[in-house]
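Nothing here was measured: the structure is a model prediction, and the numbers come from that model.
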There are 2 protein chains.
Amino acid sequence: MAISKKSASIQQVEPDEKEPTSVAGLVLENRLGYALRRAQLAVFKHFNEAMQEHEIRPAQFSSLVVIEGYPGITQTNLAKVLDIDPPRIVSLINNLEERGLALRVRCKRDKRSHGIFLSKKGEALTEQLKELAEQSDIDATQSLSEIERRQLLSLLVKIYAPETSEE
Amino acid sequence: MAISKKSASIQQVEPDEKEPTSVAGLVLENRLGYALRRAQLAVFKHFNEAMQEHEIRPAQFSSLVVIEGYPGITQTNLAKVLDIDPPRIVSLINNLEERGLALRVRCKRDKRSHGIFLSKKGEALTEQLKELAEQSDIDATQSLSEIERRQLLSLLVKIYAPETSEE
DNA sequence: GAATATAGTTATAGTTGTTAACTAGATGAT
DNA sequence: ATCATCTAGTTAACAACTATAACTATATTC
């Protein structure tokens, strides 16, 4: 195999003395996709730690919040709102139902579909989780001011839901 | 199970007439973690489409860029820079090596470690991919101005690498 | 040279995301 | 009506990613 001129004919080599430990200075640092991924992982790490004692995963949290906001929402609509595939919803709701946080109610008009509701327990937990989530966001973004945090949020919404951010 | 007063004693129910299709108006819209995830998925979708013909996945792209920037970097250091676990590096480099894009060179001073280099082919491809990636970022963020894009990038770097963004 | 540490690797399992196909019920046409 | 078609939810199979433990070969330290 032809190798780069920078190392041509080298068979054994010294390790890079610089011991790089970050992507600083590389093109990667200017790629939005990469930065989004790294930032998302960092923020989720905090989130998961905060939710650990309640055994709530990110997708479960967002489901709870959407069900709370739209009681009786169908699974199909929940999938649309969260932009995840219908099969994912099934195990998500199964889990919430098994834990007594949510329940399916068969819709009498269209017996194929189910309205999803929170139980009392689910509502109480969701209130608690929303506060934990807000605090987790702040903890994970200590290096940002409150203004920067709002700026960031608004830029992100423009990316994933450009329609709803026009006004 | 006790269910919320909003739906108490309802056994069969009408589907929500509003047919919600977004998280607009919910607390979720104000959660950084959620917004980051949604934005990241949207941007990666574009990225994957752009890279499809080259069969390059996000982690492969970032590996190529780091190796290009630090020729001879060891696998351990590559793992540190990308913040992924060492076992992930193995299959990543195996794949790049099988495709003739990169190669391992045993380090003579420490025969446990390998310096990773790009082949000529790998260098040429990486140049091409960097341009594709830049264009993909722009395509995925059509709703942002160039200034907003730079703002966003700088905010994200502050989150995932707060040290390197001080100046 | 014996104990300890490190680079890379292998194996494994848990989690997630994706797709295809199935069932039950709804809708629409003739 | 009845037949074909569509939709909601589900199941199952599978690919991708992440995390962990354990193994090997070398290096380092005492």
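Atoms CD (A:Glu55) and C1' (C:dT15) sit 15 Å apart, rounded to a whole Å. One interatomic measurement links the two molecules: NE2 of B:His114 to P of C:dT6, which rounds to 18 Å at whole-angstrom precision. Between B:Ile116 atom CD1 and C:dA7 atom P there is a gap of 13 Å when expressed in whole angstrom units. Note: CG (A:Asp83) to P (C:dT16) measures 17 Å, nearest angstrom. Residue B:Asn48 contributes atom CG, which lies 14 Å from atom P of C:dG17 at whole-angstrom precision. For the pair B:Phe44 CZ and C:dT18 P, the interatomic distance rounds to 13 Å; values are reported in whole Å. One can place CZ of B:Arg88 at 16 Å from P of C:dT16, the figure rounded to the nearest angstrom. Here C:dT16 presents its P atom at 12 Å from CD of A:Gln40, a figure rounded to the nearest Å.
Taking the 5' to 3' direction, DNA chain D first and last meets chain B under 4.0 angstrom from a heavy atom at D:dA16 to D:dA27.
Both A:Pro86 and A:Leu41 lie close to DNA chain D; mapped to their nearest nucleotides by heavy-atom distance, the more 5′-ward contact belongs to A:Pro86. Along DNA chain D, the nucleotide nearest B:Pro87 and the nucleotide nearest A:Gln75 are compared for position; the residue whose nucleotide lies closer to the 5' end is A:Gln75. Between A:Asp85 and A:Arg112, the one whose closest nucleotide on DNA chain C sits nearer the 5' end is A:Asp85.
Side-chain contact between A:Leu125 and A:Gln128: present, with at least one pair of heavy atoms (C-beta onward) separated by less than 4.5 Å. For the pair B:Ile89/B:Thr76, no side-chain contact is recorded, criterion being any heavy-atom separation below 4.5 Å from C-beta on. Counting heavy atoms from C-beta on, the side chains of A:Leu156 and B:Leu32 come closer than 4.5 Å.
Taking both residues in full, the closest heavy atoms of A:Gly33 and B:Asp137 are given as N-OD1, 3.4 Å, listed atom of the first, atom of the second, then distance.
The side chain of B:Arg109 places no N or O atom within less than 4.0 Å of a non-bridging phosphate oxygen (OP1 or OP2) of C:dA7.
In summary, the aromatic rings of A:Phe47 and A:Phe61 are positioned with their centroids under 6.0 Å apart.
Under the 3.5 Å distance criterion, the side-chain polar atoms of B:Arg37 are left unmatched by any main-chain donor or acceptor of A:Gln40.
With distances taken from any side-chain atom of A:Arg57 to the nucleotides C:dT15, C:dA7, C:dG25, the minimum falls on C:dT15.
Using a 4.5 Å cut-off between side-chain heavy atoms of Ile, Leu, Val, Met, Phe, Trp and Tyr, with links allowed through other members, A:Val66 and A:Met51 fall into the same hydrophobic cluster.
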